[in-house]
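Report on the following structure.
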Amino acid sequence: MEVVSENQGAASNTILCCQCGTSIAPNPANMCVSCLRTEVDITEGIPKQGTLYFCRNCERYLQPPNNWITAALESRELLSVCLKKMKGLSKVRLVDAGFIWTEPHSKRIKVKLTIQKEVLNGAVLQQVFVVEYTVNNQMCEDCQRVEAKDFWRAVVQVRQKTTHKKTFFYLEQLILKHKAHAKTVSIKETSDGIDFFYAAKQDAKKLVDFLQAVVPCRYQTSQQLMSHDIHSNIFDYRSTFSVEIVPICKDNVVCLPPKLAQLLGNIGQMCVCYRVTQSVHLIDPKTLQVAELSGAAFWRLPFTSLCDPKQLSQYIVMDIEIIQDKDKKHVAGHRPASQKHVLAEVWVAKASEMGNKQYYCRTHLGHLLHTGDTVLGFDLNNSNVNDKNLEKIKPEHLPDVVLVKKLYADKARRNRRRKWKLKHFDKEMAAETDSNERDYTDFLEDLEEDSAVRQNVNIYVDRDKVAVDTDDTDDEDIPRISLQEMLDDLHISGDATGEEGAAMLE
């Protein structure tokens, strides 16, 4: 404690303290510091101990009356919480405040304060003291609601009218990479989609905005009144966002409506979907014309897929001939052709009917196919398809077979050689079926074959398989993911020094 005098610099004479007679510099109270301490205590009314409430689940501190904020130890935010809980600071002048170091696990926080206050006859007294806070654990309201069963205020229901779940596997990886599920209360998988539950409506709306940015979709909203306080006129609603993804997936054969084909640059009506990102990417296997179809354009003129992946048949390439640029027909007004695909004429035979009959068609897979390769295609002649757009096309303008994708080695061999893995949601799983496992395997193969889609997915090294030495040399053309494209998955399983008496972990 010390006395701050306004004339301290100018005064050179001394006086005697009026209480004890000690020689001191002149000050308005004419008293020494010891006598002033016995007469006046400027910290009176300021508590020297306090309590802070900390939520261990979300690691936030309570800022009265009911606001929970995130603050690290010895941070400016935590110091603000401590000062706001301190009563009596409005009657003094706060000069300085800071933390005194304590053990992080001691549940004690000490704050050192320096204050000033005007006392007897205008003298300004300055004093330094310490306030000790005890940290008590208390669960915040948000965490209480999370711990409660089936509590939510908003749900996002993501659906797609298809027979497989490859789109949801891709969507799961996009959400994990961008951490769009950070504030979900729970995630539940259903037979036809995924449900995301939230404690706040604005968090659910952020996920809907994210979905609109990464996949072609549309959504509808609805509200259900849960309770109503007639005295304060407060309504409690539950909100539902129903998101529907375009029912067109990779490797689907589609027949476009004539008007939509004209709007897309006079592209052919028979197209193959070779990629789905923010839009649906279509290619005409006869001319290599490509087009991107947005979600809004699809819902204005909707159409359906002619087949799903289970209806594709295996064909053997008997002969292939690349079509040169000089032999291609160039029509004014058509969209530009793809530079990543090669147009070719192919003669194929069904794997189940070898030697009986050969089919002729044009394909966009000329850069991948060779004589003897196996390819998946859709047999238009022997299929029963009810599509109003397909019925309007003359039979002589329809191909016998539409080739979709090249088939590499069998799935078991590709699974053995796969040295990477993906992360997944911590979600409530639906009934596990063989079709789900087959769809997931197909999704992993799509990632290996398409580098553009692979850029949007975090791929991790599978240490259990990297060490396995494989001597297969007959599958050099199988697409693989290089080690440079993989991330190293970090697992912290315990203390760096191991258990008691154990050696240092490397």
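Residue numbers count from 1 along this sequence.
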Original post:
Any idea which heavy atoms bring L288 and H364 closest together, and the distance?
Top reply: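 Here L288 and H364 meet closest at CD2-CB, 3.4 Å.
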Original post:
Can you name the closest pair of heavy atoms from H228 and N233 and give their distance?
Top reply: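 Closest heavy-atom pair between H228 and N233: NE2-OD1, 3.6 Å.
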Original post:
Does the pair K405 and D446 meet the rule for a salt bridge (charged side-chain N to carboxylate O under 4.0 Å, His left out), with working shown?
Top reply: CA-CA 10 Å; K405 62 180 296 186; D446 291 342; 3.5 Å; yes
Report the distance from atom [atom1] of [X] to atom [atom2] of [Y], rounding to the nearest 0.5 Å.
X: H181; Y: L176; atom1: NE2; atom2: CG; answer: 5.0 Å
X: N67; Y: C140; atom1: CG; atom2: SG; answer: 11.0 Å
X: E292; Y: Q278; atom1: CD; atom2: CD; answer: 9.0 Å
X: K165; Y: I194; atom1: NZ; atom2: CD1; answer: 7.5 Å
X: Q223; Y: S239; atom1: CD; atom2: OG; answer: 4.5 Å

[X] [atom1]: over 12 foreign heavy atoms closer than 6.0 Å:
X: K87; atom1: NZ; answer: no
X: R108; atom1: CZ; answer: yes
X: D426; atom1: CG; answer: no
X: R218; atom1: CZ; answer: yes
X: Q262; atom1: CD; answer: no
X: K85; atom1: NZ; answer: yes

Original post:
Under the salt bridge (charged side-chain N to carboxylate O under 4.0 Å, His left out) criterion, do D209 and K205 qualify, and how do the steps go?
Top reply: CA-CA 6 Å; D209 295 339; K205 185 62 172 65; 2.7 Å; yes
**OP:** State which residue, out of K419, R417, R418, fulfils the salt bridge (charged side-chain N to carboxylate O under 4.0 Å, His left out) condition with E448.
**Re:**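 Only one option passes, and that is R418.
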Subject >> Q116 and Q126: side chain donor to acceptor below 3.5 Å >> reply: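 There is such a pair between these side chains.
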Specify whether [X] and [Y] have parallel, tilted or perpendicular ring planes, treating 30° as the upper limit for parallel and 60° as the lower limit for perpendicular.
X: Y237; Y: F235; result: parallel
X: F425; Y: F196; result: perpendicular
X: F169; Y: Y440; result: perpendicular

Original post:
Tell me the ring-ring contact (aromatic ring centres under 6.0 Å, His included) pairs involving residues 87-106, sequence neighbours left out?
Top reply: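 Listed once each, the pairs would be none.
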**OP:** Please say which of V81, L62, V135 ends up in a side-chain contact (heavy atoms from CB on, under 4.5 Å) with Y53.
**Re:**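 Only one option passes, and that is L62.
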**OP:** Report the C-alpha distance between Y274 and H341 in whole Å, list the side-chain angles of each, state the deciding distance to 0.1 Å, and finish with yes or no for ring-ring contact (aromatic ring centres under 6.0 Å, His included).
**Re:** CA-CA 11 Å; Y274 66 95; H341 300 82; 5.4 Å; yes
Subject >> Partner set under salt bridge (Lys or Arg N to Asp or Glu O under 4.0 Å) for K112, not counting sequence neighbours >> reply: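 Salt bridge (Lys or Arg N to Asp or Glu O under 4.0 Å) list for K112, sorted by chain: empty.
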**OP:** Decide, yes or no, whether a salt bridge links D195 with K188 under the criterion of side-chain N to carboxylate O below 4.0 Å.
**Re:**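 No, no charged N to carboxylate O under 4.0 Å.
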